[in-house]
2 protein chains.
Amino acid sequence: MTARSLTEAAIVNAALEIVRRTGVESLSMRGLSRELGMSAMAAYYYVANKDELLDLVAARALADIPLPEGDGSPWPVQLRALIDHVDKALRDYRGVGEVLLDRMHRTQKHVMRAVMELLSEAGFSDAEVAMAYALIHTYLFGRYRVTAAPLPVGDTGDADPDDIVSRVGPLSARLAGRDYYDFGVDTLIKGLESRLAAAPTNGRRRRG
Amino acid sequence: MTARSLTEAAIVNAALEIVRRTGVESLSMRGLSRELGMSAMAAYYYVANKDELLDLVAARALADIPLPEGDGSPWPVQLRALIDHVDKALRDYRGVGEVLLDRMHRTQKHVMRAVMELLSEAGFSDAEVAMAYALIHTYLFGRYRVTAAPLPVGDTGDADPDDIVSRVGPLSARLAGRDYYDFGVDTLIKGLESRLAAAPTNGRRRRG
DNA sequence: ACCTGAACACCGTTCAAGT
DNA sequence: ACCTGAACACCGTTCAAGT
């Protein structure tokens, strides 16, 4: 055994574990150190503060996302695949989307770059790329708070067939998270395609 | 003066004030009571716990949203107006979107109903109404975490014209929150329209 | 170099006690 | 009925001290 029994990697791993099991809000500096068998302050030797820890957790969770190959497939297909990979990387980590939302810009540029390149190649102007990226980012990361709160199933069981809310309530119990996700991403991409179709000369293609 | 010098309404108002000024995360039960000139535990007489307080704050912030009149305008226009009103109700309250996201289903049904009715009338099936509502909700409420973290302006000032990320960085400084919002909502609604156009017989109109 | 312990300034919540 | 004070079990962070 060398002198140190802890490493930054071990700390970040343990933190990610805790977030996956119990959610972000129950990750504490003290509890983390205790979980590693150390004194309550041990983690502070490797990490300046909780914010830095959350940055490292965020970076780690998104590190292994496969980027588009640049094969010949149409941009909506490639964009959809990339979004699916981000979603997969986030799905298991309860509350991590919330963390990442604040931190992705600071810590993790390669996914952002891949999305932006796809959009730029598709024909969007630089300003549109900025806005379209923000839209996708917002939907994807906002999702992890919404899916935690499903639509209420009719409170007293009174399904009024003329009331849309009480019709949708029980129905939403049969819809899987997958259904919401597919509908959402498809609609976003359809909306983007519809924009390009309406003003196809907006973008300036690079290496066109 | 009557016996009581505090009311639930006063407490919720003060809480909403604090959230608007300093964000949700700096709202505390103790600090709130102190701000009202009472002892640290005073608020507990009117409110069971912090969760209940957040529910009341959420309900209050969304209470006065004007619902669609049911005039003859096309559904995308009415939907856009309704979304704008929700946005306006949220805009001034830092972090309140985050609170509401968890709580809207529990506390505030009339906005949800208005959105769902518009979508149902437009021709979407009940399942599609559920998913489209979730999409809109996610975007609208997720926004209040994203807009707090603007895209990074080129870190070292090196604007590489061939790199989409460094092109978009400085550009995003000139884009207003309004631009992102308009683009986002327009794209969502375009995506929904595109869905209806692709499968126009999907929905069953009520009172058609 | 790596870790600990005590201390400070906070939290949310409970509950007996005051008026 | 309305509010207070003390207590409990937590936080994040700092910093002198231990090995």
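Just so we're clear, the structure is a prediction, and the values are computed from it rather than from any experiment. The sequence lines fix the lettering, A, B, ..., with proteins before strands; numbering per chain opens at 1.
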Asker: Just jot down the salt bridge (Lys or Arg N to Asp or Glu O under 4.0 Å) partners of E35(A), sequence neighbours excluded, or say none.
Answerer: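 Partners of E35(A) by the salt bridge (Lys or Arg N to Asp or Glu O under 4.0 Å) criterion, ordered by chain and then number, come out as R21(A).
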Asker: Drop me the distance from M38(B)'s CE to Y45(B)'s OH, to the nearest 0.5 angstrom.
Answerer: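 So the gap between those two atoms works out to 13.5 Å.
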Asker: I'd like to compare against my own output: the B/S/- annotation of nucleotides 4-14 of chain C with a strict under-4.0 Å heavy-atom distance to protein.
Answerer: BBBB---BBBB
Asker: If a pair means Watson-Crick or G-U wobble with both distances below 3.5 Å, what does DNA chain C look like in dot-bracket form, with | marking bases paired to a different strand?
Answerer: ||.|||||...|||||.||
Asker: Treating T138(A) as the side-chain partner and A134(A) as the backbone partner, does any N or O pair qualify as donor plus acceptor under 3.5 Å?
Answerer: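 The answer is yes, because a donor-acceptor pair under 3.5 Å joins these two groups.
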Asker: In chain order, what residues pass the side-chain hydrogen bond (donor to acceptor under 3.5 Å, both in side chains) check against S39(B), with sequence neighbours excluded?
Answerer: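 Applying side-chain hydrogen bond (donor to acceptor under 3.5 Å, both in side chains) to S39(B) gives none.
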Asker: So which of L196(B), L79(B), D126(B) actually passes side chain to side chain contact (heavy atoms under 4.5 Å, CB included) with L119(B)?
Answerer: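 Going through L196(B), L79(B), D126(B) one by one, the side chain to side chain contact (heavy atoms under 4.5 Å, CB included) with L119(B) is satisfied by L79(B) alone.
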Asker: Would you mind reading off the distance between L36(B) atom CG and dC2(D) atom P, rounded to a whole angstrom?
Answerer: 16 Å
Asker: Judged by atom type as modelled, is there a donor-acceptor pair below 3.5 Å linking the side chain of Y46(B) to the main-chain atoms of L6(B)?
Answerer: yes
Asker: Quantified in whole Å, what is the C1' atom distance between nucleotide dC8(C) and nucleotide dC10(D)?
Answerer: 15 Å
Asker: List in chain and number order the residues that pass side-chain hydrogen bond (donor to acceptor under 3.5 Å, both in side chains) with D182(B), two or more places apart in sequence or in another chain; answer none if no residue qualifies.
Answerer: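 For D182(B), the residues satisfying side-chain hydrogen bond (donor to acceptor under 3.5 Å, both in side chains) (neighbours in sequence not counted) are R80(B), R178(B).
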Asker: List for me each residue that meets side chain to side chain contact (heavy atoms under 4.5 Å, CB included) alongside R34(B), sequence neighbours excluded, and say none if there are none.
Answerer: R30(B)
